[in-house]
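Quick caveat: nothing in here was measured; it's all calculated off a predicted structure. Convention: sequence-line order gives letters A, B, ...; per-chain numbering from 1. Just the heavy atoms: all of them, side chains too, but no hydrogens, waters or symmetry mates, feed the values below.
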Amino acid sequence: MDNSLILKEARKYIKDSKNCKKNIKIAVLGTESVQYFVMVLKYLLSKEGIYADIYEGDYDGITMNVYDDNSEFYMFQPNITIIIPSYREFKESPNILEEYSETEALVENGVKFYTNMFAKINANLDTHIIVSNVVIPPEHPLGNLECQTHYSQNRFLNAINEKLVQEKEKNVSVVDLEELASCIGKYSWFDYASFFLTKQPYKIDYVGQVAEKFVKQILALKGNIRKCLVLDLDNTIWGGVVGDEGYEGIQLDPNNAIGEAYRHFQEYVVKLRRRGIIIAVCSKNDENTAKEPFIKNKNMILKLDDIACFKANWNDKATNLKEISKELNIGMDSLVFFDDNPAEREIVTRFLPEVYVVDVPKDPAQYVRELDQQSPFEWLQITKEDLLRTNSYVENAKRVKLENQFVDYDDYLRALDMCGTSRCIHKCEVPRFTQLLNKSNQFNLRTRRYSEDDIYKMLSDDNYACIMTQLDDKFSEYGIIGCAIIRKQGTTCYVDSWVMSCRVLKRGVEFLTYQTIVEQAADWGCDGIEAEYIKTKKNAMVSNFYDNLGFIITGQDIEKTEYAIDLRDVSIPRFYIRRTEDDGC
Amino acid sequence: MDVREKLQDIFRELFYDEKLVLTNDMTAGDVEEWDSLSNILLIKEIENEFGFEFTTEEIVSSKNVGDLIRLIESKAINK
């Protein structure tokens, strides 16, 4: 959105929305003025359905807010704490020609600004911290030596930024403002006139882009992440129309500027796939014609194997996107749609508002920049499972073929030759465990969200067990695709959380997890299991899950159902997963 | 439209007051929404509208609307 428009709309929103109901508490602390940032942050979050009650720290008050145990900041009890320090926090800079070890010591000392602060906040609050690194100012009094000497301010601040990432706590995410400012251009970013007048730390025009970066981080924290890029074909990944020009006639020539532009875009898409983004195709074409370039055109960088779901037909794109979401078993809100045709984009925007529609520029040479700048795939972490997933979607097609050969579903499950592990997690598995817990919406019984930090705490508490289940079959490795958190409460075992990835529905994985839960309950000496289903918009799939396992309903209202079962009454449904043991990592 | 009218439109939109009428001795104290922060926006809007940039000193030394109008007029001529 236009820079000045965003400010006007944000101001208006703040004026009109004073009394609306809030659903999250965020504290914003900064070295310099954060007023405009807070205003725009509130506005952009509201567009995502998040209505934030925001505590705005005092000017130059990071230290003041954090080190006073009775500060308003702590009273406020924020769910999320945003900290935006400026390079001006680091008052001590290296001296010219000083020894490397002295500069190192200064960096060590500088980064304590962060680590001490995180420790203090974590001692007082249960909050997630989103901190920005510092934007290094453009001045280079040492000229080219600025990047060649360890004692330059530039190198010093760079070292602090690096050290911050190495030494941050588990519940801290870093927003790369230094990178944003570099992409924009530092001379434009730093607006010294406004800084001297009002202490606005960067040019007011960029407050929208800055807030957007934090919004994406907050959405990722809440588990709202996008997983799949849906691409059109003609004039999107190649030049021209394959139906008219044939697989050899389309423009992908590495010796032609236009051809290079499309190839550059394909290379970027491959990078996305490598980091775990699922790639799908949605094109108005005959399927065979559409697939021909992938198979026969040697200038294609994307291959058919990269495409997890290929929809080439004459149906409207909204219908096809729904099919893609269904086939891949991911929500519509996981999709990012990239199509050169504005009419198609308009239709998708109107009929499928959950889909992220990229505003594709006219010039294919700008495709990469636009997609990269909009950066719709902002995740909290990348795990092994994310990378395995893109393969397993491709393998799925083969699995469906196999399924069609069998009349009896049990025969099919046997033929898949599945083996699985189910046990308490190790420390190294916490990131993936937390990720799955937070992003599963459909097979999720209580939709409780936990931070990595929460899980680490449970690991050291004997009354908790965090159980993971992983699966392999003859086609692919899935990694960890099931999680449960159970708690010993006297003589009962309470199922606090139970989620499963929808990629392995109807494979019996949940029964393997159930077996582990029952074993753990018996180990604890419990005589029964208690559980609960809390209804959400997305988890209807498991509304009768406990009924089907033979649990008895012990309480019920519109939003939730409580269940219990005596351990003696438990019977584990049949499944076809060979149970294996492993040592984990 | 002269400078005063253009400036008045900017004020009306920025400070949410369609009936606002500029007077020469008007200051930030007289307009509810006019504070140090919205002042940045005001400066930005004026710069965009008239196509020049203020120096820091010019911003600091404009004490009321009359100063501002005189400043804009002189800058517009010297552009």
Within the supplied structure, the quantity of interest is the number of heavy atoms (other residues, nucleotides, ligands) at a distance under 6.0 Å from Arg88(A) CZ; does it exceed 12?
yes
Working note: Ile40(B) + Leu197(A), criterion side-chain contact (heavy atoms from CB on, under 4.5 Å); need CA distance, chi angles, decisive distance, verdict.
CA-CA 9 Å; Ile40(B) 312 184; Leu197(A) 286 165; over 6 Å; no
How many angstroms lie between CG in Asn39(B) and OG in Ser194(A), if you round to the nearest 0.5 Å?
10.5 Å
Please determine whether a side-chain nitrogen of the Lys or Arg among Glu13(B) and Lys12(A) lies less than 4.0 Å from a carboxylate oxygen of the Asp or Glu.
no
Given 3.5 Å as the limit, does a donor-acceptor pair link the side chain of Arg11(A) with the main chain of Ser38(B), or not?
no
Heavy atoms from other residues, nucleotides or ligands near CD of Glu72(A) exceed 12 (cutoff 6.0 Å)
no
Find the distance between OH (Tyr192(A)) and OG1 (Thr56(B)) and round it off to the nearest 0.5 Å.
12.5 Å
Side chain, backbone, both or neither of Leu14(B) within contact of chain A (heavy atoms, under 4.5 Å)
both
Which of residues 15-33 of chain B get closer than 4.5 angstrom to chain A, counting heavy atoms alone?
Phe15(B), Tyr16(B), Glu33(B)
Does atom CD of Glu73(B) have more than 12 heavy-atom neighbours from other groups under 6.0 Å away?
yes
Applying side-chain hydrogen bond (donor to acceptor under 3.5 Å, both in side chains) to Asp205(A) and not counting sequence neighbours gives Lys44(B)
